Chemist: 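A single structure is presented below for examination.
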Amino acid sequence: MSEAHKSLNFLEQIVEDDLANGYTREQLRFRFPPEPNGYLHIGHCKAIGISFGLGEKYDAPVNLRFDDTNPAKEEQEYVDAIKEDVSWLGYKWDKVCFSSDYFQQLYDWAVLLIKYGKAYVDSQSSEEMAEQKGTPTQAGVAGPYRDRSVAENLDLFERMKAGEFKEGEHVLRAKIDMEDPNMLMRDPLMYRILHKEHHRTGDAWCIYPMYDWTHGESDYIEQISHSLCSLEFKPHRKLYDWFLDQVYTGKDLRTKQREFARLNLNYTIMSKRKLLRLVEEGVVTGWDDPRMPTISGLRRRGYTPVALRNFVDKVGVAKRENVIDVSLLEFNIREDLNKIATRVMGVLDPVKLVITNYPEGNEEVLEADNNPEDPSAGTRYVPFSRELYIEREDFKEDAGNKYFRLTLGSEVRLKNAYIIKGESVVKDASGTITEIHCTFDPESRSGSGTEASKRTVKGTLHWVSIQHAIKAEVRLYDRLFNNESPDGDPEKDFISFINPDSLKVITGYLEPFMANATVGDSFQFQRLGYFNVDLDSSPQNLVFNRTVGLRDSWAKQKPKQQPEQGQPKPQQQQQASALSTINKLGKKLANLPEEKRLATISDIEKLAGTLTQEEVIGFFGTASKKVGTRMAGIVSLYAFAKAHSKEISNIPGAEEFIQKAKEDKNELLQDVAIR
RNA sequence: UGGCCCAUGGUGUAACUGGCAACACGUCGGUUUUUGGUACCGAAGAGUCUAGGUUCGAGCCCUAGUGGGCCAACCA
């Protein structure tokens, strides 16, 4: 027996194929090549997961390479942030590299290209060059400097490097083909003059290499076996290979670029430029604002590396455009936090609850599980007293029997404490409830082992003792954008889709245990969601972020109770089922083994009696290659005619449908058609 | 007047390389539960973009079409 085949994504498949065709394991090497011009986001998480994941899978080194060829945009701050993010995710790079470390080598190679007649100095304006470049549908033409002599090119390039010219005066271009259908091959720029300070090389250079010239050659220098990037670089591959041809010695590893689809998430944006705008315009507080899809934002929000890695893993790798539903991200963080987060009680929208038969001034300490998913997490103590806060939403004066919470006259359990019964309410002048009065069953204390403690009641509420509660600032986050695809509308600026309620700051009341919470700690506020301690928090002023709410099937149910119109759904379903069953059966008909096929045909015959004539006629348009469906159609047609005592000739199109089947090459189809 | 890439349930990825379309999220039921959480069980939902072709047999191979994406920065 062959063992179950573990399916590989197409990149793993490429690596496997290469391994089978002569690459050694030792040759495998990958790289993650961010430009240090912004913070990493969840999309980069996928790219990181792919390259570093391959590294882990094949035990191959992965370089973290900063693609820093544009001194105007790049900064050390970003380098530091990127390093922190990658290592926080739990990945270990082999070497930290910088493209700028290769400037000299790149320059030497460029000189070589000039000598070979493969590169030249152009001295036109960018507008002129763009003009000559043509358009995607129109070939370009040569510019006037294309055939400068090698000597002149060498001299000019040397002087460009020496700083003799102003920015924009000259550029170095590869000499390839101005008529290539791929625009990138129409004599792409290799160098431009930039009199700018570079974050690493300072003022050592005033000419800087362009991406295409830099990236592939950096891969080559580092001997990267597989240079993986996103789909928009597909057209660059031809140029990547061309440049590589010019410097490849034939003695070492030839690198290759392969492309995958980048990650998109709904209700957010992934463009660094636009994220920068959110930061600069103060829409958010910074790159690490917990509403940002950046890794640092997600971290601050309370996401864990495990959750992010699982997410990327579930998303998969392919070449088609995709939009991932945020619910998948949320699933992954809940899954992880459910296992590890300590459960605590906190009330975010308090209403006072007075237990009228609980002795005044009395208090006791109750034991509570830290995590029911993990017995080793232990227990802690929670103080209980006569006056508590409960969630305003957890009480209704009267409600239907689908409401499991506190009402007047009903019983609920206070988590880890007693069973109480709603007795009366106190309201202010406007009718708002200010106090709820209840009585408790003294025998019912959790874990006491009494009969009363084992009673089951419909609902359990979380609570906090007013006199012991500590206050905390709680930041409730919602999605940053109201629109599923904020940058998908060419007419509207993405900023206009900002959700005005993406942040709500409230005061919450927490059990005293929380006084010791330190920055970064994650908790589950029971029945509410997962919360972590924000960077802004201090022992004097605790600040929590809501990472994500708990799944809430009650919240989903509520809106349904209102409108409720009579829906003819069951009827529809029944109608559809005979036809859809036949369709389903028919689809595989031609591929089934003899015995099973005959049995299926007789099943179809039984079902077909209940079809309408319209449904039967619907089969006549079936595509000719769908033999199974055509067979099912023929069988249904005969069975239908028989059941309704109809002549085939009286059903429009039927004879032709049968005739075509009889003439078909497929014998199975002929068989069912001939009667 | 172009070139390249892509097309499988609502979403995303599979289908051991041509053999009865699977997994996850989501949705809807149910069981358990001192969290309306978790866990567990179950269901609905895809004729694999269209039309041809090759084949005993096509989601997979071929052709044409349709739809979507990318390509004209001295950005990466």
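All figures in this text were calculated on a predicted structure; none of them were measured in a lab. Below, read A as the first sequence line, B as the second, and so on, with proteins coming before strands; counting in each chain starts at 1.
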Chemist: Sequence neighbours left out, what passes side-chain contact (heavy atoms from CB on, under 4.5 Å) with A:Thr379? Give chain and number order.
Modeler: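 Expected list: A:Glu367, A:Asp369.
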
Chemist: Let's test your reading of the model: under 3.5 Å, does the base of B:U38 pair with the side chain of A:Arg334 as donor and acceptor?
Modeler: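 Under the 3.5 Å cut-off, the side chain and the base do not form any donor-acceptor pair.
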
Chemist: Return yes if a side-chain donor-acceptor contact under 3.5 Å exists between A:Gln124 and A:Glu131, otherwise no.
Modeler: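 Looking only at side-chain atoms, A:Glu131 and A:Gln124 do not form any donor-acceptor pair under 3.5 Å.
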
Chemist: By side-chain contact (heavy atoms from CB on, under 4.5 Å), which residues pair with A:Ser446, not counting sequence neighbours?
Modeler: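 Here the qualifying residues are A:Arg413.
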
Chemist: Among residues at least two apart in sequence or on other chains, which ones pass side-chain contact (heavy atoms from CB on, under 4.5 Å) with A:Ala399?
Modeler: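 Only A:Lys396, A:Tyr403, A:Thr407 meet the side-chain contact (heavy atoms from CB on, under 4.5 Å) criterion with A:Ala399.
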
Chemist: Determine the interatomic distance between P on B:G9 and the same-named atom on B:U48; round to the nearest Å.
Modeler: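 Between the two P atoms, the distance is 10 Å.
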
Chemist: Would you state whether a donor and an acceptor, one from the side chain of A:Arg413 and one from the base of B:U34, lie under 3.5 Å apart?
Modeler: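 Under the 3.5 Å cut-off, the side chain and the base do form a donor-acceptor pair.
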
Chemist: Within the modelled atom types, does a donor on one side and an acceptor on the other bring the side chain of A:Gln13 and the base of B:U17 under 3.5 Å apart?
Modeler: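 Answer is yes: a donor-acceptor pair is held.
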
Chemist: Name the closest nucleotide to the A:Lys234 side chain, picking from B:C4, B:G52, B:G12.
Modeler: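 Of the options given, the side chain of A:Lys234 lies nearest B:C4.
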
Chemist: Is the closest side-chain donor-acceptor distance between A:Ser227 and A:Asp219 under 3.5 Å?
Modeler: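 Distance-only check passes for A:Ser227 and A:Asp219.
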
Chemist: Could you work out the separation of B:U27 and B:A73 based on their P atoms and round it to a whole Å?
Modeler: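 Pairwise P distance, B:U27 against B:A73, rounds to 45 Å.
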
Chemist: Would A:Lys161 pass as a cation-pi partner of A:Trp205, given that its NZ or CZ must be under 6.0 Å from the six-membered ring centre and within 45 degrees of the axis?
Modeler: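 Yes.
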
Chemist: Taking ring-ring contact (aromatic ring centres under 6.0 Å, His included) as the definition, give me every residue that meets it alongside A:Phe157, ordered by chain and number, with sequence neighbours left out.
Modeler: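 Here the qualifying residues are A:Tyr107, A:Tyr191.
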
Chemist: Suppose you measure atom P in B:C61 against the same atom in B:C28; what distance do you get, rounded to whole Å?
Modeler: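 These two P atoms come out 38 Å apart once rounded.
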
Chemist: For the base of B:G36, is there a side-chain donor-acceptor partner from A:Arg551 under 3.5 Å away?
Modeler: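 Checked by distance alone, the answer is no.
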
Chemist: Considering only the P atoms, how many Å lie between B:G45 and B:A51, rounded to the nearest integer?
Modeler: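 Result for the P pair: 22 Å, nearest Å.
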
Chemist: For the side chain of A:Ser327, starting at C-beta, report the closest nucleotide among B:G36, B:C25, B:U1.
Modeler: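 Nearest to the side-chain atoms of A:Ser327, counting from C-beta on, is B:C25.
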
Chemist: Given B:G52, B:G36, B:U55, identify the nucleotide with an atom nearest to the side chain of A:Lys665.
Modeler: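 Nearest to the side-chain atoms of A:Lys665, counting from C-beta on, is B:U55.
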
Chemist: Rounding to an integer number of angstrom, what distance separates B:C62 and B:C5 when you compare their P atoms?
Modeler: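 B:C62 and B:C5 have their P atoms separated by 12 Å.
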
Chemist: A:Ala318 side chain: which of B:G12, B:G37, B:A14 is closest?
Modeler: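 The answer is B:A14.
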
Chemist: Using the P atoms only, state how far B:C4 lies from B:G42, rounded to an integer number of Å.
Modeler: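 Comparing P positions in B:G42 and B:C4 gives a spacing of 49 Å.
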
Chemist: Using atom C1' of each nucleotide, how far apart are B:A58 and B:G53 to the nearest Å?
Modeler: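 Straight-line distance between the two C1' atoms is 11 Å.
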
Chemist: Ignoring hydrogens and geometry beyond distance, is the side chain of A:Glu330 in donor-acceptor contact with the base of B:G26 at under 3.5 Å?
Modeler: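 Per atom types, no contact qualifies.
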
Chemist: Between A:Phe619 and A:Lys319, name the one whose nearest nucleotide on RNA chain B is closer to the 5' end.
Modeler: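 Result of the comparison: A:Lys319.
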
Chemist: For B:A51 and A:Ser624 - does any side-chain N or O of the residue sit under 4.0 Å from the phosphate oxygens OP1/OP2?
Modeler: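 No, A:Ser624 has no side-chain N/O under 4.0 Å of OP1/OP2 on B:A51.
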
Chemist: A:Lys587 has a side chain; which of B:U27, B:U48, B:G36 sits nearest to it?
Modeler: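 Shortest atom-to-atom distance from the side chain points to B:U48.
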
Chemist: To the side chain of A:Ile324, which of B:G12, B:A15, B:G36 is closest?
Modeler: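 My answer, after comparing the listed nucleotides, is B:G12.
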
Chemist: Give the intermediate values and the outcome of salt bridge (Lys or Arg N to Asp or Glu O under 4.0 Å) for residues A:Arg597 and A:Glu594.
Modeler: CA-CA 5 Å; A:Arg597 189 179 69 245; A:Glu594 173 91 17; 3.2 Å; yes

Chemist: For nucleotides 60-76 of chain B, just jot down a letter per nucleotide in 5' to 3' order: B, S or -, based on protein non-hydrogen atoms under 4.0 Å.
Modeler: ---------S-BB-BSB

Chemist: Tell me every residue that passes ring-ring contact (aromatic ring centres under 6.0 Å, His included) with A:Phe32, counting only those two or more places apart in sequence or in another chain.
Modeler: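 For A:Phe32 there are no ring-ring contact (aromatic ring centres under 6.0 Å, His included) partners, ignoring immediate neighbours.
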
Chemist: Counting runs of three or more consecutive pairs, Watson-Crick or G-U wobble, with each distance below 3.5 Å, where are the stems of RNA chain B?
Modeler: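 Stems (3+ consecutive pairs) listed as B:2-7 with B:66-71, B:10-13 with B:22-25, B:27-31 with B:39-43, B:49-53 with B:61-65.
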
Chemist: Suppose you measure atom P in B:A46 against the same atom in B:U63; what distance do you get, rounded to whole Å?
Modeler: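 Comparing P positions in B:A46 and B:U63 gives a spacing of 31 Å.
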
Chemist: Who are the salt bridge (charged side-chain N to carboxylate O under 4.0 Å, His left out) partners of A:Asp325, not counting sequence neighbours?
Modeler: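 Counting only residues at least two positions away or on another chain, A:Asp325 forms no salt bridge (charged side-chain N to carboxylate O under 4.0 Å, His left out).
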
Chemist: Could you pull out all residues at least two apart from A:Leu550 that satisfy side-chain contact (heavy atoms from CB on, under 4.5 Å)?
Modeler: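 Only A:Gln524, A:Tyr530 meet the side-chain contact (heavy atoms from CB on, under 4.5 Å) criterion with A:Leu550.
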
Chemist: Using atom CZ of A:Arg455 as one end and atom P of B:U34 as the other, report the distance to the nearest whole Å.
Modeler: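 Going from A:Arg455 (CZ) to B:U34 (P), I get 13 Å.
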
